[in-house]
Amino acid sequence: MPALARLFVKTALVYLGAGLLLGIYLALPARGAWLTWQHLLWPIWIHMLTLGWLSQLIFGVAFWLFPRHSREQPYGPAHLAWWTYFMLNSGLLLRWVSEPLTLYSPFSLWRYLLLLSALLQAASGILMAGYLWTRTKPR
Amino acid sequence: MIRVSAWLTRIALLHLLLGFLAGGLLLLHKGDWLPAIPGLLIMHIEWVLMGWMGLMALAVAWWIFPRIDRHRPSAWPVWIAGGVFIAGVWTVIIGAGAGLPSALLAGRLLELGGLLGMGATLWPRIRAYRRRQR
């Protein structure tokens with residue numbers, strides 16, 4: 001298993017664990033500010049599981065198992081996949097902070113961080129779709 | 001990679017691209033950078049869950065699942081079922097954009113039909129490896 005595939009899969013497992021922990025927090029009975037935070041954190045939880053866990057697991061396994069690009073360069077333009085890893089995860093981490101705080105506090109820095117997070121996550125999708133396209137070859 | 005799997009995977013990648021872009025737009029709206037786009041949340045969910053993850057899983061399953069007596073069954077039912085599934089995704093997308101609940105329903109029914117078609121071809125291939133006879 002190549003290094004990047006291991007990194008994707010291990011990070012995905014960490015997100016699954018974090019998603020389960022947050023899921024426990026969201027399931028606790030709550031009132032007042034606690035309840036407000038549960039509502040604010042709900043989209044974070046969904047994206048922890050769908051992006052951090054599932055999509056990242058698919059990226060890792062596809063990077064590992066999809067048909068080789070060529071004999072000389074089996075993983076093709078792998079730098080695109082590396083960039084995806086860093087952009088997706090930095091975008092997700094920024095989102096954890098900025099998404100609930102944008103809705104909770106009027107401080108404008110959170111809006112800018114949310115903008116950056118949105119751009120990083122969208123760019124990671126573009127890069128990975130482009131990268132995996134080069135590894136998807138009909139026989 | 002088998003031709004039908006490769007093409008279904010490519011369409012799944014297109015849905016990944018659109019789904020992530022839609023997600024970015026939704027986040028920009030949440031930060032008050034953009035006005036709301038009607039139906040975009042449903043489009044985002046449909047592209048990511050059905051168009052990307054669902055279709056990708058089905059395409060790869062057809063490629064890697066064990067063969068039956070060393071033969072992979074004919075691919076034409078998968079072309080049709082995959083086409084129906086994709087038509088379902090896009091019917092939901094159009095329904096969400098145009099605000100047509102009947103299109104959402106029709107799209108989900110098409111997705112279910114496509115899934116049943118794919119499932120029927122995949123089901124016999126979900127099995128344990130047979131021990132070789134000496």
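All of these numbers come straight from a predicted model, not from anything done at the bench.
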* Structure fact -> Bottom line for B:Leu25: the part with an atom under 4.5 Å from chain A's heavy atoms is neither
* Ring centres under 6.0 angstrom apart (A:Tyr104, A:Trp37) -> yes
* So with a 6.0 Å cut-off around OH of A:Tyr25, is the heavy-atom count from everything else above 12? -> yes
* Asked: Contact part of B:Val60 toward chain A, heavy-atom cut-off under 4.5 Å: side chain, backbone, both or neither?
  -> side chain
* Heavy-atom distance under 4.5 Å to chain B: side chain of A:Ile58, backbone, both or neither? -> side chain
* Relative to chain B, which segment of A:Leu88 carries a heavy atom at a distance below 4.5 Å: side chain, backbone, both, or neither? -> side chain
* To do: Give a yes or no on whether the ring-centroid distance for B:Trp52 and A:Phe59 is below 6.0 angstrom.
  => yes
* Structure fact -> Residue from A:Ala129, A:Ala122, A:Ala123 scoring the most non-hydrogen pairs under 4.5 Å with chain B is A:Ala129
* Asked: Does B:Trp123 have its ring centroid less than 6.0 Å away from the ring centroid of B:Phe65?
  -> no
* Measure across A:Met48 and A:Trp96 and return the closest heavy-atom pair with its distance rounded to 0.1 Å. => CE-CZ2, 3.1 Å
* To do: Measure A:Ser108 against the heavy atoms of chain B and call it side chain, backbone, both or neither at under 4.5 Å.
  => neither
* **B:His44 side chain to B:Gly19 backbone, donor-acceptor under 3.5 Å** => yes
* **Heavy-atom contact with chain B under 4.5 Å, split by part of A:Thr50** => both
* Structure fact -> Turns out that what part of A:Leu103 lies under 4.5 Å from chain B's heavy atoms comes down to side chain
